[in-house]
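Excluded from the calculations below are hydrogen atoms, water molecules and symmetry mates; all remaining heavy atoms, backbone and side chain alike, are included. We count ligands from 1, going down the list as the structure has it; atoms in each ligand are counted the same way.
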Amino acid sequence: RATRGGEEVRAYVPSMGQIFMRRFQLVTQFRQSLEEGQVTVHYQPKVTLPNRQVQGVEALVRWQHPEFGKLDPDEFVPAVEAAGLIGALTSFVLEQALRRVRKWLDEGLRISAAVNLSVRNLADSEFPAKVLDALRRFDVPPELLTFELTESGVMSDPQRALPILRELHSLGIVLAVDDFGTGYSSLAYLRQLPVDQVKIDKSFVLGMGTDLGDLAVVRSIVELGHSPGLTVVAEGVEEDIARDQLEAMGCDVAQGYLISRPLSEERLEAWLQARTVR
Ligand code: C2E
Ligand code: CA
Ligand code: CA
Ligand code: CA
């Protein structure tokens with residue numbers, strides 16, 4: 001409880017019942033929200049180091065809910081996953097992203113799009129066929145599509161996930177391990193996965209300016225990631241100094257608020273117009 005201007009202000013703390021009800025509402029409304037256009041995709045640019053060319057964008061889902069307002073994916077993606085609706089979410093994001101890539105190709109730009117996968121996508125043996133079908137429909141070359149998956153996602157059921165990852169990889173799709181450094185897997189283990197990229201978790205990148213431990217983690221991921229020839233991406237690049245340090249270490253790609261926040265389609269187009277020569 002806090003007092004403001006003599007009036008007592010009570011912090012709103014939802015009860016378990018309210019949290020449950022909201023989650024329930026979210027999952028029951030999700031499909032319709034997709035159809036009604038409340039769910040959209042924002043895109044965050046990634047640039048190469050040191051020359052700072054636009055290398056690609058990461059697709060990040062957003063939900064503008066009529067009652068609850070702007071919802072964070074960290075809130076609704078787990079609920080959508082638990083309800084068995086992640087297939088619909090991933091297809092939606094994938095199609096939006098491929099439509100963008102197609103549009104850029106038509107304008108003479110080669111920009112790749114990265115889509116986040118859930119572990120549940122990797123439990124669907126039909127998933128690679130669905131992806132291939134989408135690539136064909138939008139006539140996008142597979143190397144312009146990246147899938148990002150967390151190490152815990154792969155590690156939770158490797159028997160099931162691995163054949164699907166191998167199939168996606170054999171199609172020519174780029175595979176990235178997201179949030180790297182937060183889980184258990186060693187880089188030695190990574191070598192056995194069909195993976196092309198590691199994304200250093202933003203907690204280390206955000207901390208590297210003030211915490212020598214974080215700096216050491218970032219440095220070792222860059223070094224060890226390069227030895228098997230992986231592309232190393234840093235997320236959470238908010239400061240010039242972080243970018244400069246990453247550049248000096250030889251990190252390949254930077255993503256973060258310093259370069260740009262995630263942008264709506266329209267704002268991304270304006271951002272690209274200002275950065276690229278067409
Ligand atoms: P993620 O894949 O690790 O995505 C990066 C998150 O970091 C994004 O949060 C992004 O907005 C944020 N970020 C980017 N640059 C900076 C920075 O410089 N500083 C800080 N502090 N944060 C930065 P967002 O968009 O809220 O997404 C959160 C998570 O939700 C994602 O984490 C991802 O795990 C999940 N997610 C988002 N979209 C999808 C989707 O389409 N499918 C699935 N399965 N998961 C998604
Ligand atoms: Ca990601
Ligand atoms: Ca991440
Ligand atoms: Ca994350």
Geometric N/O contact Asn116 with ligand 1, under 3.5 angstrom: yes
CA sep, side-chain torsions, deciding dist, call: Glu67, Arg22, salt bridge (Lys or Arg N to Asp or Glu O under 4.0 Å): CA-CA 10 Å; Glu67 185 184 340; Arg22 173 159 161 163; over 6 Å; no
Salt bridge (Lys or Arg N to Asp or Glu O under 4.0 Å) evaluation trace for Glu75 with Lys70: CA-CA 11 Å; Glu75 175 170 21; Lys70 227 179 109 196; over 6 Å; no
Location of contacts on Thr90 toward ligand 1, heavy atoms closer than 4.0 Å: neither
Glu81-ligand 1 polar pair, N/O distance under 3.5 Å: no
Pairs flagged by side-chain hydrogen bond (donor to acceptor under 3.5 Å, both in side chains) wherever residues 157-175 is involved - sequence neighbours left out: His169-Asp196
Test: Arg100 and Glu269 ion pair at under 4.0 Å: yes
Val232 and its side-chain contact (heavy atoms from CB on, under 4.5 Å) partner, picked from Leu224, Val218, Leu246, Ile200: Ile200
Contact (N/O only, under 3.5 Å) between Glu148 and ligand 1: no
Side-chain H-bond candidate by donor/acceptor type, Asp201 with Thr182, under 3.5 Å: no
Numbered atoms of ligand 1 (with element) below 4.0 Å of Glu238, judged on heavy atoms: 17 (C), 18 (O), 19 (N), 20 (C), 21 (N)
Under-4.0 Å heavy-atom contact with ligand 1, by part of Val93 that carries it: side chain
Worked check of salt bridge (Lys or Arg N to Asp or Glu O under 4.0 Å) between Glu238 and Lys202: CA-CA 10 Å; Glu238 292 188 356; Lys202 60 177 175 285; over 6 Å; no
Under-4.0 Å heavy-atom contact with ligand 1, by part of Lys202 that carries it: side chain
Side-chain (Gln96) to main-chain (Val93) donor-acceptor, under 3.5 angstrom: no
Where Leu171 and Pro128 come nearest, the two heavy atoms and their spacing: CD1-O, 3.9 Å
Contact (N/O only, under 3.5 Å) between Ile86 and ligand 1: no
Those atoms of ligand 1 less than 4.0 Å from some heavy atom in Pro73: 24 (P), 25 (O), 26 (O), 27 (O), 28 (C), 30 (O), 37 (C)
Donor-acceptor pair, side chain of Ser264 and main chain of Arg267, under 3.5 angstrom: yes
Asp106 and Lys103 ion-paired at < 4.0 Å: no
For ligand 1, the portion of Glu235 having any non-hydrogen atom under 4.0 Å away: side chain
Per-residue contact class, Glu58 against ligand 1 - non-hydrogen pairs under 4.0 Å: side chain
Atoms in ligand 1 flagged as close to Gln44, the criterion being non-hydrogen separation under 4.0 Å: 14 (C), 15 (N)
Proximal ligand 1 atoms for Asp74, defined as those under 4.0 Å from one of its heavy atoms: 28 (C), 29 (C), 30 (O)
Shared hydrophobic cluster, Leu135 / Leu149 (ILVMFWY, side-chain heavy atoms < 4.5 Å): yes
Proximal ligand 1 atoms for Gly256, defined as those under 4.0 Å from one of its heavy atoms: 15 (N), 18 (O)
Residues Glu265 and Arg99 bridged, charged N to O under 4.0 Å: no
Val237 and ligand 1 - part of the residue with a heavy-atom distance under 4.0 Å: backbone
Distance-only side-chain donor-acceptor flag, Glu235 / Gln44, under 3.5 Å: no
Part of Asp72 with heavy atoms under 4.0 Å of ligand 1, whether side chain, backbone, both or neither: side chain
Phe76/Phe68 under ring-ring contact (aromatic ring centres under 6.0 Å, His included): CA gap, chis, key distance, verdict: CA-CA 12 Å; Phe76 68 86; Phe68 304 134; over 10 Å; no
In the protein, N/O/S atoms that are found under 3.0 Å from the Ca ion (ligand 2), waters not counted: Glu58 OE2, Asn116 OD1, Glu148 OE1, Asp178 OD2
Within reach of ligand 1, part of Arg62 (heavy-atom separation under 4.0 Å): side chain
Element-labelled atoms of ligand 1 that are located less than 4.0 Å from some non-hydrogen atom of Asp179: 3 (O)
